[in-house]
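Computed from a predicted structure; not experimentally measured. Counting starts at 1 for both ligands and their atoms, in listed order. FYI, side chains are in, hydrogens and waters are out, and symmetry mates aren't considered; it's all heavy atoms of this structure. We count residues from 1, following the sequence as given.
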Amino acid sequence: RAKETGRGRYENYRPEMDAEREERNRLEVDLRIAIERREINIVYQPVVDATNWRLIGVEALARWTRKGYGPVPPDVFIPIAESSGLIDQLGLFVMHRACERIADWPGIKLAVNISPGQFRDPEFSQHVASMFRKTGTDPSRITLEMTEGYFIQNPDRARAAIARLKKLGVEIALDDFGAGFSSVGYLRQFGFDRMKIDRSLVHAMSEGDHAVQTLQATVALARSLGMPVTAEGVESEDQALKLRMTGCDELQGYFFGRPMEAHEIDVIYRTDRGRDGKRIA
Ligand code: C2E
Ligand code: MG
Ligand code: MG
Ligand code: MG
């Protein structure tokens, strides 16, 4: 292995790049097998009403434990699924499983993440519709979360895809707002129903007035466009209270609950208890 001093010289070292590519290929092969064998697990993170901290929804998040290695974070395997064409199968699998599970939680909404690649399938909205029928899911309980990247690259196709999905009766949320380019124009022209504020904006609140003002302006903007706002990455009571005052109607973050197994949501749902088992309303 190259020592620190010699690092620069090895930047274009071929065998190393081959090794990297090989490892990536192995990851892809293992991921494909895991999806086929349905070894992708789904965890659910609570979403609470900002005014009383009661559970009103969950976000489904995919988890993969790679055999012989351990957990692989979604930020690693989702991009692999996207670039290898596995995302369609993975995405529908997550949605299907999660829709089956929320049958146990009447009145609770479900948010599912959608990758841009899934839009490339012109029949995506039909797949979603037939999945709703099979699982007996009321589409009005479902939020599909998307990030802005695709809208910048393919505005026309994105607009058409969103329109088809909205016809099914689902809510469409713009995920991670504030993390990237985040143009206001996109909010308006694509007809998002909800804005999810990225946790980087939430965490920046503690850095002072300027960040708080940015956040306030962002929420005010969303609301002026008629969009309710969910804040992500809420890690403290102080943040939760401030975000409520700012006008966020839903909160999500470690303060209220980490992504957890469905049976743990069962308990919260049954007892209507909040964080740490304390009664919260
Ligand atoms: P996301 O949709 O923005 O999901 C929120 C992420 O923030 C989750 O990371 C969650 O665990 C994390 N998080 C929640 N609360 C807090 C908090 O208080 N503090 C901090 N530091 N983090 C918090 P996770 O589960 O690692 O997922 C990362 C991303 O991977 C997701 O971001 C989403 O873009 C993607 N992803 C996960 N599952 C799926 C899936 O089934 N399909 C697709 N297309 N993407 C998925
Ligand atoms: Mg999300
Ligand atoms: Mg997000
Ligand atoms: Mg994200």
Side-chain angles (χ1 to χ4, degrees), residues 31 34-35 38-48 53 57-65 71-99 101 109-121 124 127-128 131 142-150 161 165 170-180 182 192-206 218 229-240 243 248 250-262 264-265 275:
L31 180 61
I35 293 169
R38 316 198 156 220
E39 287 167 0
I40 302 296
N41 189 33
I42 296 146
V43 288
Y44 300 87
Q45 184 172 33
V47 177
V48 305
W53 297 0
V58 292
E59 178 173 2
L61 295 158
R63 293 289 180 268
W64 177 34
T65 302
V72 181
D75 290 331
V76 172
F77 74 80
I78 294 291
I80 292 174
E82 283 169 348
S83 64
S84 59
L86 292 167
I87 193 66
D88 300 85
Q89 215 188 329
L90 175 62
L92 280 174
F93 172 74
V94 171
M95 206 190 288
H96 195 126
R97 270 283 157 85
C99 281
R101 209 56 177 82
K109 301 192 295 174
L110 169 69
V112 179
N113 294 286
I114 302 297
S115 285
Q118 296 178 262
F119 277 168
R120 249 170 256 139
D121 178 357
F124 176 61
H127 293 321
V128 173
M131 200 271 305
I142 307 298
T143 302
L144 303 182
E145 301 189 354
M146 305 166 201
T147 50
E148 66 197 351
Y150 186 68
L165 288 169
V170 300
E171 180 184 77
I172 309 286
L174 180 57
D175 205 353
D176 300 349
F177 191 84
S182 301
F192 289 103
D193 302 301
R194 170 173 293 277
M195 178 195 282
K196 289 194 86 172
I197 297 213
D198 191 65
R199 62 170 185 260
S200 59
L201 280 188
V202 172
H203 294 179
M205 280 198 308
S206 60
T218 307
V229 180
T230 305
E232 296 189 300
V234 182
E235 293 182 356
S236 71
E237 180 166 17
D238 186 52
Q239 286 171 341
L243 287 161
C248 294
E250 295 181 3
L251 306 175
Q252 182 180 349
Y254 294 167
F255 176 67
F256 298 104
R258 296 195 170 241
M260 57 184 86
E261 299 292 332
E264 296 172 278
I265 296 286
R275 182 181 62 95

* Could you go step by step and tell me if Val43 and Glu264 meet the side chain to side chain contact (heavy atoms under 4.5 Å, CB included) rule? -> CA-CA 10 Å; Val43 288; Glu264 296 172 278; over 6 Å; no
* Heavy-atom neighbours of Arg63 CZ exceed 12 at 6.0 Å -> yes
* Asked: Does any N or O atom in His203 lie less than 3.5 angstrom from one in ligand 1, N or O only?
  -> no
* Structure fact -> Closest to the Mg ion (ligand 3), among the N/O/S atoms of Asp175, is atom OD1
* Close approach, Arg258 and ligand 1, non-hydrogen under 4.0 angstrom -> no
* Atoms of ligand 1, numbered as shown, that sit under 4.0 Å from any heavy atom of Pro74 -> 24 (P), 25 (O), 26 (O), 27 (O), 30 (O), 37 (C)
* Structure fact -> For Phe177 and Leu201, the nearest pair of non-hydrogen atoms, with its separation, is O-CD1, 3.9 Å
* Asked: Got Leu251 and Trp53 here, is their nearest side-chain heavy-atom distance under 4.5 Å?
  -> yes
* Structure fact -> Across all chains, not counting sequence neighbours, the side-chain contact (heavy atoms from CB on, under 4.5 Å) partners of Ala62 are Ile40, Phe77, Val94
* To do: For Ser115, counting its heavy atoms only, list the atoms of ligand 1 lying under 4.0 Å from any of them.
  => 44 (N)
* Using a 4.0 Å heavy-atom threshold (strictly under), name the region of Asp175 that reaches ligand 1: side chain, backbone, both or neither. => side chain
* Asked: At a 4.0 Å cut-off, with the gap strictly under it, does some heavy atom of Pro73 reach an atom of ligand 1?
  -> no
* Asked: Is there side-chain contact between Arg120 and Asp88, with at least one heavy-atom pair below 4.5 Å?
  -> no
* Structure fact -> Between Leu165 and Val170 the two heavy atoms that sit nearest each other are O-CG2, 3.4 Å
* Test log, rule side chain to side chain contact (heavy atoms under 4.5 Å, CB included), inputs Ile142 and Cys99 -> CA-CA 9 Å; Ile142 307 298; Cys99 281; 4.1 Å; yes
* Quick one: which of Asp176, Leu251, Ile78 has a heavy atom closest to atom 35 (C) of ligand 1? -> Ile78
* Any idea which heavy atoms bring Gly178 and Asp198 closest together, and the distance? -> C-CB, 4.5 Å
* Residue pair Asn113 / Leu61: nearest heavy atoms and the distance that separates them -> ND2-CD2, 3.6 Å
* Is Gln45 touching ligand 1 with its side chain, its backbone, both, or neither, if touching means heavy atoms under 4.0 Å apart? -> side chain
* Structure fact -> Closest non-hydrogen atoms of Phe255 and Glu235, given as atom of the first, atom of the second and distance, are CB-C, 3.5 Å
* Candidate pair Asp121 and His127, rule side chain to side chain contact (heavy atoms under 4.5 Å, CB included), full reasoning -> CA-CA 10 Å; Asp121 178 357; His127 293 321; 3.2 Å; yes
* Measure the shortest side-chain to side-chain distance between Gln118 and Ile87 over non-hydrogen atoms and say whether it is less than 4.5 angstrom. => yes
* With backbone taken as N, CA, C and O and side chain as the heavy atoms from C-beta onward, which portion of Val94 lies under 4.0 Å from ligand 1: side chain, backbone, both, or neither? -> side chain
* Glu235 neighbourhood, listing ligand 1 atoms whose heavy-atom distance to it stays under 4.0 Å -> 17 (C), 18 (O), 19 (N), 20 (C), 21 (N)
* Asked: Would you say Arg63 contacts ligand 1, with heavy atoms under 4.0 Å as the rule?
  -> yes
* To do: Please say whether Gln252 places an N or O atom under 3.5 Å from an N or O atom belonging to ligand 1.
  => no
* Asked: Any N/O of Ala62 closer than 3.5 Å to an N/O of ligand 1?
  -> yes
* Which atom of Ala111 lies closest to which atom of Glu145, heavy atoms considered -> CB-OE2, 3.3 Å
* Looking at the Mg ion (ligand 3), which N/O/S atom of Asp176 is the nearest one? -> OD1
* To do: Could you see which bit of Glu232 sits under 4.0 Å from ligand 1, with heavy atoms only: side chain, backbone, both or neither?
  => side chain
* With only distance considered, is Gln118 within less than 3.5 Å of ligand 1 through an N or O on each side? -> no
* With the Mg ion (ligand 2) at the apex, how many degrees lie between OE2 of Glu59 and OD1 of Asn113, rounded to 10 degrees? -> 90°
* Considering only heavy atoms of Val234, which atoms of ligand 1 have at least one such atom less than 4.0 Å away? -> 18 (O)
* Asked: Out of curiosity, is Pro259 lining ligand 1, as in a heavy atom under 4.0 Å away?
  -> yes
* Asked: Within the stated cut-off of 2.8 Å, is an N/O/S atom of Asp198 closer than that to the Mg ion (ligand 3)?
  -> no
* Which N/O/S atom belongs to Glu145 and is the closest one to the Mg ion (ligand 2)? -> OE1
* **Atoms of ligand 1, numbered as shown, that sit under 4.0 Å from any heavy atom of Asp75** => 28 (C), 29 (C), 30 (O)
* Structure fact -> Gly253 heavy atoms within 4.0 Å reach ligand 1 at atoms 15 (N), 18 (O)
